[in-house]
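Worksheet for the structure shown next.
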Amino acid sequence: MFEKNAVKLGIAPIGWTNDDLPELGGENTFEQCISEMALAGFTGSEVGNKYPRDIPVLQKALKLRNLEIASAWFSAFLTTKPFDETKTAFLAHRDFLYEMGAKVIVVSEQGYSIQGQQETPLFAEKPIFTEDDWGKLASGLNKLGELAQEKDMKLVYHHHMGTGVQTTEEINQLMEMTDENLVYLLYDTGHLYFSGENPLEVLENHMSRIKHVHLKDVRPEVAKMVKQDGLSFLTGVKEGVFTVPGNGAVDFKPIFEILAQSGYEGWMIVEAEQDPSKANPFEYALMARNYIKETAGV
Ligand SMILES: O=C1C[C@@H](O)[C@H](O)[C@@H](O)C1=O
Ligand SMILES: [Co+2]
């Protein structure tokens, strides 16, 4: 399957403490979270709201557990705010990640996004970008991609439910409109499945630009309920739409095969936001680790 040492496996803190819904996992500490990640067999993580921002403190806590920072989420507002506002915030984020040794920067456009709105129906009210929005987004991302390149880092774009870049068509458009040497793609299995896309089609279309992977699974009955009952993204999360790979409807076997055959190198991050009082994060982290070993051989 994968070449030896080609991929590194991480897990996002969002299963322990959820930045979008701070009431989920408020009781879980930073130390518990990173200790359980390491104990479950992961060597990397993204950054959550409980992580110390003091670089030496964070580095020491991670080193003790043989963990690295793979990346962290950045919200861009290229369609709705002056470019310089996003640029200033991006530079601070980039420099923090650079100091932490990360090689990729996760960026998602949040202009007009409904992902953080508790009551807005996800499928009915998803934003659709105008030509002007697309132009601002593409040129802004190219500029941010250049800033990432200054530090020998890569900008990886996170397509996301409830945003203007969600569907296969929108991902294709973004990839066409941006510079292939400046803007790369984060491939998130769960968002594609939830949206009703074919995850394999997106993988095959854009393999050469995929430089970061989120392994997220979906409980199909909850996804169906969110669509039929006009629920919001966050209600879907609270109801358990997402879970760890192997516990839902996404077929990971062909996904791992294509990634491996294409020579993918980089992080695969398990990312399963769900209510930790219903889905014990350590138990689910172990389930994910075992499933990846069995299915992907890493
Ligand atoms: O990468 C991600 C970060 C989260 O904040 C987001 O809402 C989640 O769904 C995701 O895929
Ligand atoms: Co993700």
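All heavy atoms count here, side chains included; hydrogens, waters and symmetry mates do not. Just so you know, these numbers come straight off a predicted model, no measurement behind them. Both counts, for ligands and for their atoms, begin at 1 and track the order of listing.
At least one N/O/S atom of His158, from backbone or side chain, sits under 2.8 Å from the Co ion (ligand 2). The distance from the Co ion (ligand 2) to the nearest N/O/S atom of His160 is not under 2.8 Å.
Only the side chain of Ile14 comes within 4.0 Å of ligand 1, counting heavy atoms alone; its backbone N, CA, C and O stay farther away.
For the atom pair Ile258 CD1 and Leu203 CG, the distance stands at 5.0 Å (nearest 0.5 Å).
When the heavy-atom distances from atom 6 (C) of ligand 1 to Glu271, Gln115, His160 are ranked, the shortest goes to His160.
The environment of CD in Glu180 is sparse: at most 12 heavy-atom neighbours from other residues, nucleotides or ligands sit within 6.0 Å. Heavy atoms of other residues, nucleotides or ligands lying less than 6.0 angstrom from CD of Glu3 number 12 at most.
Taking each heavy atom of Leu67 and Phe42 in turn, the nearest pair found is CD2-O, 3.3 Å. The two residues Ser195 and Gln166 come nearest to each other via the heavy atoms OG-NE2, 3.0 Å. In plain terms, the two heavy atoms of Gln115 and Met161 that are nearest each other are CB-O, 3.7 Å.
Close contacts between ligand 1 and Lys216 involve ligand atoms 8 (C), 9 (O), 10 (C), 11 (O) [criterion: under 4.0 Å to a heavy atom]. In the vicinity of Trp73, heavy-atom distances shorter than 4.0 Å reach the ligand 1 atoms 1 (O), 2 (C), 3 (C). Under a 4.0 Å criterion applied to the non-hydrogen atoms of Phe233, ligand 1 contributes the atoms 7 (O), 9 (O). In the vicinity of His214, heavy-atom distances shorter than 4.0 Å reach the ligand 1 atoms 1 (O). Near Asp188, with a cut-off below 4.0 Å to any heavy atom, the atoms of ligand 1 are 11 (O).
In this structure, the protein non-hydrogen atom closest to atom 5 (O) of ligand 1 is Asp20 OD2, 3.1 Å. Given atom 9 (O) of ligand 1, the protein heavy atom at minimum distance is Glu273 OE2, 2.5 Å.
Vertex the Co ion (ligand 2), arms ending at ND1 of His214 and OE1 of Glu271: the angle is 90° after rounding to 10 degrees.
Geometrically, ligand 1 and His191 share a nitrogen or oxygen pair separated by less than 3.5 Å.
Between Phe96 and Ile55, the closest side-chain pair of non-hydrogen atoms falls below 4.5 Å.
Between the side chains of Arg209 and Thr178, at least one donor N or O lies within less than 3.5 Å of an accepting N or O.
Each of Leu174, Ile171, Thr168 was scored for a side-chain contact (heavy atoms from CB on, under 4.5 Å) with His206, with one residue passing: Ile171. With Trp267 as reference, Thr43 is the one residue of Thr43, Val7, Leu9 to meet the side-chain contact (heavy atoms from CB on, under 4.5 Å) rule.
Within Asp188, the N, O or S atom lying nearest to the Co ion (ligand 2) carries the name OD2.
Distances shorter than 4.0 angstrom do not occur between any heavy atom of Glu46 and any atom of ligand 1. A heavy-atom separation below 4.0 Å is not found between Asp19 and ligand 1.
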